[in-house]
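The structure appears right after this line, and notes come after that.
Numbering starts at 1 and runs along the sequence shown. All ligand and atom numbering here is 1-based and tracks the order in the structure.
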Amino acid sequence: MDLKGIQLTWLGHASFRIETPGGKTIYVDPWVMGNPMCPEKDKTVKKADALLCTHGHGDHIGDAVEIAIKHNAVAVGIPELCAWLKKKGVEQIAQMNKGGTQTVAGVRITMVHADHSCGIFDGDQVIYGGEAVGYVMEFENGVKIYHAGDTNVFGDMQIIRDLYAPEIAMLPIGDLYTMSPREAAYACKLLKSKYVIPMHFGTFPLLTGRPSELQKLAPDVEVFEMTPGVTIS
Ligand code: NI
Ligand code: MN
């Protein structure tokens with residue numbers, strides 16, 4: 001996989017740290033400190049310019065407020081989720097909705113559909129968090145990465161392929177709360193990305209899907225299994 005200068009680190013679950021060719025640090029679904037798959041060395045966030053939030057579940061935005069405040073990072077998300085983040089003290093907000101594109105930290109970010117729930121569990125309340133989303137990121141060097149967020153497979157993934165043609169797709173495969181390898185294999189057919197990075201599996205015993213199963217079911221795609229904390233570039 002040629003990332004042309006992008007430094008990509010999986011922090012376990014759906015959380016990724018991306019250092020862009022322009023020197024910015026982006027977190028997608030910043031769940032770091034409380035993430036049992038995140039190596040100790042990566043639990044200390046040194047720099048964060050933008051946080052891309054796919055939805056309001058704790059295993060995705062668990063550390064968003066703390067990181068955004070500490071590093072003055074821009075939080076990207078759907079308006080209802082951004083309103084909640086703002087209420088919690090996040091000052092820099094770049095809200096958007098599905099279908100929209102904006103440039104944050106030098107990256108062209110398009111918010112795309114995901115099929116999942118998005119309540120924010122805040123104390124003893126469940127707050128409406130908008131809808132769950134995915135993101136297509138187009139970096140300065142032309143590389144396009146799709147992070148699907150939490151979702152099942154849906155036919156409009158074909159629209160994502162037709163319009164954005166991401167060469168790398170980060171897909172959940174754990175089953176139960178998201179796609180299983182069977183659904184993810186179907187997603188691979190729709191997306192036709194060259195590489196698929198499996199995520200949202202193995203964090204808890206219930207998330208049983210495994211990259212090897214996906215590779216068996218989707219022989220035409222290269223399933224690229226990352227190791228938490230190991231940076232590829
Ligand atoms: Ni979720
Ligand atoms: Mn999740």
Apply salt bridge (charged side-chain N to carboxylate O under 4.0 Å, His left out) to the pair E213 and K216, showing each step before the final yes or no. CA-CA 5 Å; E213 293 170 64; K216 231 179 275 167; over 6 Å; no
Distance col, row I6:CD1 vs I18:CD1, nearest 0.5 angstrom, shows 7.5 Å
What one should report as the nearest heavy-atom pair of K4 and N141 is O-ND2, 2.8 Å
Distance col, row L176:CG vs L206:CG, nearest 0.5 angstrom, shows 5.5 Å
Protein-side N, O or S atoms sitting under 2.8 Å from the Mn ion (ligand 2) are D59 OD2, H60 NE2, D150 OD2, H200 NE2
Pairing donors with acceptors under 3.5 angstrom, does anything connect the side chains of N35 and H13? no
min-distance N/O/S atom, H57 vs the Ni ion (ligand 1), resolves to ND1
To the nearest 0.5 Å, atom CG of D150 lies from atom NE2 of H200 at 3.5 Å
Would you say that P198 contacts V223 through its side chain, given a criterion of any heavy-atom pair below 4.5 Å between the two side chains?
yes
Is there an N/O/S atom in H55 that lies less than 2.8 Å from the Ni ion (ligand 1)? yes
Among N, O or S atoms, D150 approaches the Ni ion (ligand 1) most closely through OD2
